[in-house]
Amino acid sequence: MTLAARLSAIDERIADAARLAGREPGEITRIVVTKFHPAQLVRDLHALGVTDIGENRQQELTAKRAELHDVPLRWHFIGQAQTNKAAAIRRASDVVHSIDRVKLADALHRAAVDDHALDVLVQVNLTEDPGRGGSTLSDAEALAEHVLGLDSLRLRGVMAVAPLDEEPASAFARLRAVADRIRQLAPEADWISAGMTGDFVEAVQAGATHLRIGSAITGPRPVQG
Ligand SMILES: *Cc1c(COP(=O)(O)O)cnc(C)c1O
């Protein structure tokens with residue numbers, strides 16, 4: 001299958017999942033995750049109408065964004081972030097999905113260079129494994145409140161990756177519950193970033209507004225260096 005065929009097949013499956021869940025396909029943003037793939041693939045995706053690109057490593061994001069400075073795209077940073085990379089992440093990102101601790105929020109806030117507010121999501125860890133990234137379910141609200149106090153950051157909602165050892169539907173239900181609580185603090189923070197190649201249908205059912213889909217569209221990732 002060509003890139004165009006894979007992209008349109010996924011978009012059809014997203015639209016079907018949305019309709020089955022009683023939702024409008026148009027309210028769902030499909031982010032194509034291009035990590036480990038060359039910038040040319042991003043250019044090809046843009047030519048097919050893709051507007052939103054996801055990357056999980058700062059250096060790769062910075063390099064691709066620089067190489068593709070002539071291409072109008074929204075860049076989503078979706079990886080674990082080191083605090084000392086906050087300025088570089090802020091420079092290269094339109095949206096940061098992975099705010100998982102107060103220190104990172106503060107570092108991104110301090111890295112602001114103008115009045116433009118950076119869109120951010122609080123990442124929630126749906127597993128018991130602290131190494132998987134994200135704040136605990138119980139800390140997520142306090143972290144969201146902290147972000148709301150930083151005027152250079154604009155809280156848009158929550159993000160999570162489903163655990164490997166659990167049905168995605170039950171994990172996404174926990175995410176949905178925390179998303180609903182955060183929306184009571186900040187009604188405009190209504191994004192839910194969830195759903196990858198293996199579980200985007202369940203994510204749409206759980207109310208995801210932003211899907212992060214990689215390999216089903218790009219094909220297998222090149223071996224990482
Ligand atoms: C790589 C990645 C994805 C996309 O994964 P696929 O299974 O290839 O769709 C989504 N979210 C995050 C955080 C990732 O790192």
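Counting starts at 1 for both ligands and their atoms, following the listed order.
Ligand 1 places these atoms under 4.0 Å from at least one heavy atom of Ser215: 6 (P), 7 (O), 8 (O), 9 (O). Which parts of ligand 1 touch Ile78 is read off a 4.0 Å heavy-atom cut-off, strictly below it: atoms 11 (N), 12 (C), 13 (C), 14 (C). Listed by number with element, the atoms of ligand 1 under 4.0 angstrom from any heavy atom of Thr197 are 6 (P), 7 (O), 8 (O), 9 (O). Every atom of ligand 1 with a heavy atom of Ile213 under 4.0 Å away is listed here by number and element: 9 (O).
Side-chain atoms of Ser152 and Arg90 include a donor-acceptor pair closer than 3.5 Å. With hydrogens and angles left out, the side-chain atoms of Asp106 and His146 include a donor and acceptor closer than 3.5 Å. Checked by atom type, the side-chain pair Thr34/Glu55 shows a donor-acceptor distance below 3.5 Å.
Note on ring orientation: taking the six-membered ring where Trp is involved, the planes of His210 and His76 are tilted (angle from 30° to 60°).
Closest protein heavy atom to atom 11 (N) of ligand 1: Arg212 NE, 2.9 Å. Scanning all protein heavy atoms for the shortest distance to atom 5 (O) of ligand 1 gives Met196 CE, 3.6 Å. Remark: minimum distance from atom 14 (C) of ligand 1 to any protein heavy atom is reached at Lys35 NZ, 3.0 Å.
Residue Gly214 has at least one N or O atom closer than 3.5 Å to an N or O atom of ligand 1.
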Just distance, no hydrogens or angles: give the donor-acceptor pairs under 3.5 Å from side chains in residues 171-180, sequence neighbours left out.
{"residue": "Arg174", "atom": "NH1", "partner": "Glu166", "partner atom": "OE2", "Å": "2.8"}
{"residue": "Arg174", "atom": "NH2", "partner": "Leu126", "partner atom": "O", "Å": "2.8"}
{"residue": "Arg174", "atom": "NH2", "partner": "Glu166", "partner atom": "OE1", "Å": "3.0"}
{"residue": "Arg176", "atom": "NE", "partner": "Asp180", "partner atom": "OD1", "Å": "3.2"}
{"residue": "Arg176", "atom": "NH1", "partner": "Ala206", "partner atom": "O", "Å": "3.1"}
{"residue": "Asp180", "atom": "OD1", "partner": "Arg183", "partner atom": "NH2", "Å": "3.4"}

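Under 4.0 Å from ligand 1, not a single heavy atom of His97 appears.
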(Q) Apply side chain to side chain contact (heavy atoms under 4.5 Å, CB included) to residues Arg156 and Ser193 and explain how you reach the verdict. (A) CA-CA 10 Å; Arg156 302 308 304 257; Ser193 166; over 6 Å; no
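Asp199 places no side-chain N or O within donor-acceptor distance of the main-chain N or O of Ala203, the cut-off being under 3.5 Å.
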